[in-house]
2 protein chains.
Amino acid sequence: MVDAKGTGHRAGLDSAGVIEAALALVEAGGAEALTMRKLAAELGVATTTIYWHVGSRDELISALIGLLSQRQAEIEISGKTPRDRVMCLARHVWTSALAHRNVTALAHQVGATSLLELPLEQALARELDAAGVRGEAGRDALRAIVMCVAGFLVVAFRSDGRARAMQTQPQELWATVSDDRIDPSTIEALRTPPDLPALFETTLRAVVDTFVPE
Amino acid sequence: MVDAKGTGHRAGLDSAGVIEAALALVEAGGAEALTMRKLAAELGVATTTIYWHVGSRDELISALIGLLSQRQAEIEISGKTPRDRVMCLARHVWTSALAHRNVTALAHQVGATSLLELPLEQALARELDAAGVRGEAGRDALRAIVMCVAGFLVVAFRSDGRARAMQTQPQELWATVSDDRIDPSTIEALRTPPDLPALFETTLRAVVDTFVPE
DNA sequence: ACCTGAACACCGTTCAAGT
DNA sequence: ACCTGAACACCGTTCAAGT
């Protein structure tokens, strides 16, 4: 993208640039678009140059997740009671994961979700602290809330993940079910997607109510 | 494993055999061990033979998940009240996912979790029906419970997934955190793993209590 | 119907070599 | 210090060909 290519030296690249480009690649094309070769081509550089800057694909992915993680941490929390603020934060984890679904899915695939969510977990810990929930109770409350959010994300991501041999979405699966021990109205309802945001809200509220007292 | 190899014909293989072998491969070595070439070698057959029987890797994975899914459905549900039976079933989803973590992780990776859990969801729907929770309320209750379980599984699987550049487990991540707006006892607690089964139990109970009345 | 080898278009990664 | 090409050891998949 810059100037003369391939002559042999000086591309003016640094690891930050590589990581940024990798992040852009994933945001645009999903996890499978992040190939060392594609990335190198994008940067107008030999494939092996990438390795010099970031070590390996795994390290690159960790760095990229860390970058997004920092950016996601810049939020302002609203709510009067500590409880409301905890809810607000949990909602933020949810919405920002949806806003960056490709990276979230990637983090999820490689088992680095906690890396992505650490700053948000930290903010959550602060609010829980303000609500008087500390120590082991604080940890348990935090973990329970984060798990709840993670569960909803798994479901939300099912809808877009690669269009696998149909049979992948719950609604389509339930369309093939007939069971006389289940009321027809239930089966009917299971064939349509739930109101995820509303369901998220009431489930989260139940968990928060359990773990953080008034 | 059988007899003369490579001469040219008759291996006595059928798609069921291929799927079974693939399942064994994943159970033993995780998702990354399932390679068309390795599978073929295991079966003493040319790589392309696999394709004749199962079409593609994606179809093979779907079939393998479907197979385990059926096997997981054979359970007996205990509990006196419908609520207890719902709890028992949710616990079963959790424990059987842990018992077959490699396949569960695979299903999770390719977004086929719902395929794996369909029979258990069906059983859950029946118990909810018996508890008088039907129609849209039934669907929402079912989804909320399943999401909750999914969230816990995400966390449980973090612990074993490939040993990525350290920085991957929450406890290790929290070991690097210092924040004077969080009580030291909380940070201390976050550096040790939670009692997952106990936490699962109380969180699940909160969700069930919210969605299925007595 | 069932199975084969050869070949294609990809991967991540290493390494000796250049400037 | 920064960048290169060649090469290695893998992938999934297709296809014409054998019996």
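Throughout, a chain's letter reflects where its sequence line sits, starting with A, and its residues are numbered from 1.
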Tell me: [atom1] of [X] to [atom2] of [N], nearest whole Å?
X: Arg37(B); N: dT14(D); atom1: CZ; atom2: P; value: 13 Å
X: Ile50(A); N: dT13(C); atom1: CD1; atom2: P; value: 12 Å
X: Arg57(B); N: dG12(D); atom1: CZ; atom2: P; value: 6 Å
X: Leu39(B); N: dG12(D); atom1: CG; atom2: C1'; value: 13 Å
X: Glu32(B); N: dC11(C); atom1: CD; atom2: P; value: 19 Å
X: Tyr51(A); N: dG12(C); atom1: OH; atom2: C1'; value: 4 Å
X: Trp52(B); N: dG5(C); atom1: CH2; atom2: P; value: 17 Å
X: Ile61(A); N: dC11(C); atom1: CD1; atom2: P; value: 14 Å

Nearest-neighbour nucleotide for the [X] side chain, [options] considered:
X: Met36(A); options: dT4(D), dG5(C), dG12(C); value: dG12(C)
X: Val45(A); options: dC11(D), dC3(C), dT4(D); value: dT4(D)
X: Ser56(B); options: dT13(D), dG12(C), dC3(D); value: dT13(D)
X: Thr48(A); options: dT4(D), dT13(D), dA7(D); value: dT4(D)

Now, which nucleotide makes the Watson-Crick or G-U wobble pair with dT19(C), with each of the two distances under 3.5 Å? dA1(D)

Mate of dG12(D) across any strand shown (Watson-Crick or G-U wobble, both atom pairs under 3.5 Å) is dC8(C)

Before accepting this row, confirm whether a basic side-chain N of the pair Glu201(A)/Arg91(A) lies closer than 4.0 Å to the acidic partner's carboxylate O. yes

Between Glu121(B) and Arg143(B), does at least one N-O distance fall below 4.0 Å, as a salt bridge requires? yes

Looking across every strand, which nucleic acid part, if any, lies under 4.0 Å from Thr35(A) by heavy atom: base, sugar-phosphate, or nothing? sugar-phosphate

Need one value for Gly12(B): base, sugar-phosphate or nothing, where a base atom within 4.0 Å counts as base even if backbone is also close, heavy atoms only. sugar-phosphate

Select from Thr47(B) and Leu34(A) the residue whose nearest nucleotide in DNA chain C is closer to the 5' end of that strand. Thr47(B)

Would you say a side-chain N or O of His53(A) is under 4.0 Å from OP1 or OP2 of dC3(D)? yes

Any side-chain donor paired with an acceptor under 3.5 Å for Asp58(A) and Ser56(A)? no

Whether the side chain of Arg191(B) engages the backbone of Trp174(B) through a donor-acceptor N/O pair (distance < 3.5 Å, no angle test) should be reported. yes

Could you tell me whether Glu136(B) atom CD has more than 12 heavy atoms of other residues or ligands within 6.0 Å of it? no

